[in-house]
Amino acid sequence: MLDIKYLRQNIEFVSEKMNQRGQSIDFDRFTSLDIQRRDILMEVETLRSERNNVSKAIGELKKKKADASSLIAQMSDVSSKIKELDDRLRVIEDDLNAFVLTVPNIQHESVVAGRGSEDNPVVRTWGEIPSFSFAPKEHWEIGENLNILDFARGAKITGARFTLYRGLGAALERALINFMLDLHTGEHGYTEVLTPFMANRESMTGTGQLPKFAEDLFKIEGMEYYLIPTAEVPVTNIFRDEILEEKKLPVYYVAYSPCFRSEAGSYGKDTRGLIRQHQFNKVEMVKFTTPETSYDELERLTANAEEILKRLGIPYRTVSLCTADLGFSSAKTYDVEAWMPGQNAYREISSCSNFDDFQARRASIRFRREESGKVEFVHTLNGSGLAVGRTVVAILENYQQADGSVVIPEVLRPYLRGKERITF
RNA sequence: GGAGAGAUGGCUGAGUGGCCGAAAGCGAUCGCCUGCUAAGCGAUUGUACGCCCCUAAAAGGUGUACCGCGGGUUCAAAUCCCGCUCUCUCCGCCA
């Protein structure tokens with residue numbers, strides 16, 4: 001959510017930024033609602049002030065046992081007028097609020113204007129793309145052959161886009177989760193948290209999934225609870241409606257969670273394999289920082305995600321999302337894309353974003369400056385560290401052997417009781 | 001799921017219709033005092049939204065709202081009524 005005062009004073013600038021994002025927004029409506037709101041507010045507050053004063057006088061008169069009936073009658077009218085104005089004000093404020101909640105964040109100045117993912121600048125690449133003496137297979141073939149991924153039975157149990165892992169497949173997923181958590185807590189300074197996997201409407205609104213993207217979520221029937229699409233939601237909302245001390249910042253949290261996405265509108269995309277599932281595992285990093293440090297923190301956060309791939313020995317590249325690709329709440333996003341030999345392409349495995357104060361304003365997450373005592377919004381950041389299912393894909397495809405087996409990256413072996421290879 | 005109790009500022013806690021944005025204590029900040037520390041004394045100590053002032057911001061002035069959340073009664077609600085949420089205790093069920 002953008003600051004209403006800021007919006008009021010910089011409407012042209014914001015409008016231009018939104019155009020670059022391919023968003024057309026009805027700012028005339030905003031201006032009109034904003035003016036109406038302030039007009040009514042002034043009127044109703046004046047009346048309230050009058051009522052407060054006269055009511056006090058009525059109290060005095062009553063104490064002296066004097067007659068106050070004419071004042072009471074007069075205030076009765078004022079009160080009904082106040083009630084009427086309050087009702088009108090509520091409608092306008094609801095409208096205004098609904099409007100502001102659907103305006104995306106303003107992108108950082110370093111974000112390039114583009115028309116699609118082909119315009120995302122590549123920031124860096126790492127590792128050597130492996131060459132194979134045979135035609136590399138896609139991960140679903142490798143996984144099914146090794147009997148560690150079972151798509152048919154996942155579909156039987158639940159439906160399309162749910163997968164059953166078996167044996168070393170299940171163990172590999174679990175090993176990756178532990179490896180990632182251990183690295184981020186042990187070497188990158190994060191504190192591990194384990195959160196609820198359902199969140200309420202307020203939390204979903206706080207991080208920006210609601211009200212605009214309800215169709216992407218699974219909702220619990222009969223309740224205002226939603227399955228989380230990412231741990232970003234519960235973790236960022238840890239401090240919703242709180243004021244933190246400046247010296248506590250930055251806060252680094254890392255969380256494992258399953259993620260649930262309806263993937264509405266993605267029919268026909270990535271229909272095979274683990275790439276796009278309704279349920280997948282992810283380790284998520286979240287930071288709460290001061291405004292002046294958040295872009296440095298974004299660089300470090302992205303490096304923390306990349307470090308996982310380095311240790312696993314998986315080649316990757318990092319791109320900076322252009323305006324067309326940038327998410328609703330984000331001011332700047334780096335996507336880390338792992339090399340997938342079976343698909344002969346880089347595929348997103350982590351997305352690291354700085355939201356500036358966009359989420360913090362929605363969720364009311366603030367901090368108090370030590371120096372001045374002033375209260376300001378924090379900046380929030382998050383990034384996958386990493387998407388676990390997609391990391392399994394990268395391992396299967398990059399470490400596949402001519403005989404169909406898969407070598408386990410060395411750093412994972414301690415998590416798999418020393419096992420070096422997945423075989424038949 | 002059933003029965004009961006509760007929710008007040010950073011914390012503890014008073015407050016059953018007007019004198020309450022809210023006592024008192026603790027904590028914190030600043031000042032004084034003091035070989036150091038501690039104690040003591042004094043002052044300050046919430047958030048949001050308007051308006052005025054101002055080139056703008058800040059500061060300042062002023063008004064309104066906020067005592068879990070949402071409604072209602074009343075000239076007037078932390079206080080009375082209704083609904084909801086959450087917490088605690090007991091019972092039941094349960095990994």
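In what follows, chains are A, B, ... by sequence order, proteins preceding strands, each numbered from 1.
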Colleague: Counting only side-chain N and O atoms of N52(A), is one of them less than 4.0 Å from OP1 or OP2 of U64(B)?
Modeller: yes
Colleague: Closest nucleotide of RNA chain B for E93(A) versus for R51(A): which of these residues is on the 5' side?
Modeller: E93(A)
Colleague: Salt bridge between R369(A) and E292(A), side-chain N to carboxylate O under 4.0 Å?
Modeller: yes
Colleague: Using 4.0 Å as the upper bound for N to carboxylate O, is an ion pair formed by R347(A) and D270(A)?
Modeller: yes
Colleague: Please report, rounded to the nearest Å, how far the P atom of U29(B) is from the CD atom of E245(A).
Modeller: 11 Å
Colleague: Please confirm whether the shortest side-chain N or O distance from R90(A) to OP1 or OP2 of G71(B) is below 4.0 Å.
Modeller: yes
Colleague: Going by the angle between their ring planes, with limits at 30° and 60°, are F213(A) and F328(A) parallel, tilted or perpendicular?
Modeller: perpendicular
Colleague: Check for a donor-acceptor pair, side chain of Q400(A) on one end and backbone N or O of K137(A) on the other, with a separation under 3.5 Å.
Modeller: yes
Colleague: Rounded to whole Å, please give me the gap between NZ in K83(A) and P in C75(B).
Modeller: 9 Å
Colleague: Report the secondary structure of RNA chain B in dot-bracket form, marking unpaired bases with a dot and bases paired to a different strand with |, and treating Watson-Crick or G-U pairs with both distances under 3.5 Å as paired.
Modeller: ((((((((.[[[..)..(.....]]]((((((.......))))))(((((((.......))))))).[[[[[..)....]]]]])))))))....
Colleague: Measuring from atom CZ of R88(A) to atom CZ of R37(A), what distance do you get when rounded to the nearest 0.5 angstrom?
Modeller: 14.5 Å
Colleague: Under 4.0 angstrom, heavy atoms only, what part of the nucleic acid is R8(A) near: base, sugar-phosphate, or nothing?
Modeller: sugar-phosphate
Colleague: In whole Å, I'd like the distance from the NZ atom of K5(A) to the P atom of A57(B).
Modeller: 9 Å
Colleague: Output yes when R366(A) and E246(A) qualify as a salt bridge under the 4.0 Å nitrogen-oxygen rule, no when they do not.
Modeller: no
Colleague: Does a side-chain N or O from S79(A) land closer than 4.0 Å to OP1 or OP2 of U74(B), or not?
Modeller: no
Colleague: Between G9(B) and G46(B), how many Å separate the two P atoms, rounded to a whole number?
Modeller: 14 Å
Colleague: Could you list by number each residue of residues 31-46 of chain A showing a heavy-atom separation from RNA chain B of less than 4.0 Å, or answer none if no residue does?
Modeller: R37(A), R38(A), L41(A), M42(A), E45(A)
Colleague: With rounding to the closest Å, how many angstrom separate the C1' atoms on U16(B) and A76(B)?
Modeller: 15 Å
Colleague: Please give, in whole Å, the distance from A57(B) P to Y6(A) OH?
Modeller: 14 Å
Colleague: Could you state the CZ-C1' distance from R240(A) to C69(B), rounded to the nearest angstrom?
Modeller: 13 Å
Colleague: Considering only the P atoms, how many Å lie between C67(B) and G60(B), rounded to the nearest integer?
Modeller: 26 Å
Colleague: Let me know, please, whether K63(A) or I243(A) comes out on the 5' side of the other along RNA chain B by nearest nucleotide.
Modeller: K63(A)
Colleague: Taking the P atom of each, how far is G13(B) from U73(B), in whole Å?
Modeller: 34 Å
Colleague: Using atom P in both nucleotides, what's the gap between A77(B) and G17(B) to the nearest angstrom?
Modeller: 14 Å
Colleague: Counting only side-chain nitrogens and oxygens, does S49(A) get under 4.0 Å of the OP1 or OP2 atom of U64(B)?
Modeller: yes
